[in-house]
Amino acid sequence: MTTPSNNVLPAAHASDKAAPPWPAYVTASLAWHAGAGLFAVAAPASWPWAVAAIAANHAALTAGGLWPRSRWLGSNWTRLPTHAEARREIAITIDDGPDPAVTPAVLDLLDAHDAKATFFCIGTKARAHPALCREIGRRGHSVQNHSDRHSRRFSLLGPKAMAREVAAAQASLADITGEAPRFFRAPAGLRNPFLAPVLQRLDLQLVSWTRRGFDTVQREPTDVLARLTRSLAAGDILIAHDGNAARAEDGAPVLLAVLPRLLERAKSLSLIAVTLPAASLHQRSDDTATSAEAAASASP
Ligand SMILES: [Zn+2]
């Protein structure tokens with residue numbers, strides 16, 4: 001799915017943390033249900049209208065969950081915060097691992113280009129390959145939560161099952177790496193209104209993407225690269241895969257052919273590939289500018 005890249009994004013602000021557990025849109029939906037019910041009681045003949053109003057609301061909630069970059073169901077990063085964009089940072093996110101056949105080579109490529117990435121790991125795979133999961137962190141990258149089983153039915157789960165999926169991965173990844181994830185990405189980006197309260201309880205920020213390469217199905221590295229680098233700019237969040245990676249004609253995982261060219265392209269645009277936790281830091285890299293601004297604001 002493509003959407004405008006000028007979709008400016010909220011940072012990890014304090015206001016997100018203080019928000020009520022249900023997003024405003026969901027709260028409004030609950031009120032809508034109550035209103036439709038009262039309307040049907042007050043004017044019984046109008047019940048088909050009340051049913052239609054509720055059905056329309058459910059359709060809108062479902063659409064919000066099936067549109068990965070929507071914010072109808074709660075805070076959702078589709079780009080990096082503006083302070084990261086000002087530092088010319090981008091985030092390369094690598095999903096569905098760790099995979100012993102692909103991840104080690106990805107780590108070597110990142111090292112060779114002095115780049116950092118965020119790995120959205122699946123709980124079951126992390127438990128199967130804990131040393132590889134730790135190695136990701138040891139090399140300066142970040143391990144984040146991509147659910148426990150990466151179920152295709154994730155967006156159909158009820159509140160308890162959804163909470164289990166997120167919490168089990170959170171506990172495993174924290175245990176393996178020694179650091180609790182701070183970011184969550186839903187399997188295939190699909191979710192439902194039950195996810196937001198779970199993320200808030202575990203202090204997790206939902207992250208989708210600015211652009212994706214479709215490298216689980218697209219076997220041609222040139223096409224994947226073109227999708228990822230179209231209008232590549234500071235603040236972009238890109239998504240690629242080490243787990244479930246499509247294989248190119250030569251049998252190699254597509255990402256291994258795409259990553260060096262992507263990193264060279266980023267470098268040519270003076271973009272810096274950083275982890276999501278690094279991008280969320282508010283510090284300015286340019287201390288001189290900060291001091292100058294402070295002096296300017298102090299002067300009459
Ligand atoms: Zn995934």
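When a ligand or atom number is given, it counts from 1 through the structure's own listing order. FYI, the numbering just counts along the sequence from 1.
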Could you go through residues 164-174 and list every donor-acceptor pair under 3.5 Å that involves a side-chain atom there, pairing it with any protein atom two or more places apart or in another chain?
unit_1	atom_1	unit_2	atom_2	d
E165	OE1	D148	N	3.1
E165	OE1	R149	N	3.0
E165	OE2	R149	NE	2.6
E165	OE2	R149	NH2	3.2
Q170	OE1	N145	ND2	3.1
Q170	NE2	P181	O	2.8
S172	OG	R127	NH1	2.7
S172	OG	A168	O	3.3

Work out which heavy atom in V207 is nearest to a heavy atom in N76; give both atom names and the distance. C-OD1, 3.8 Å
Output, by chain and residue number, all protein N/O/S atoms separated from the Zn ion (ligand 1) by less than 2.8 Å. D96 OD1, H146 NE2, H150 NE2
Which pair of heavy atoms, one from W77 and one from Q205, lies closest together, and at what distance? CD1-NE2, 3.1 Å
Pair T222, E220: side-chain N/O donor-acceptor within cut-off below 3.5 Å: yes
So, are D108 and R139 salt-bridged, with charged N and O less than 4.0 Å apart? yes
Could you walk me through whether E85 and L80 pass the side chain to side chain contact (heavy atoms under 4.5 Å, CB included) check? CA-CA 6 Å; E85 185 177 337; L80 295 178; 5.7 Å; no
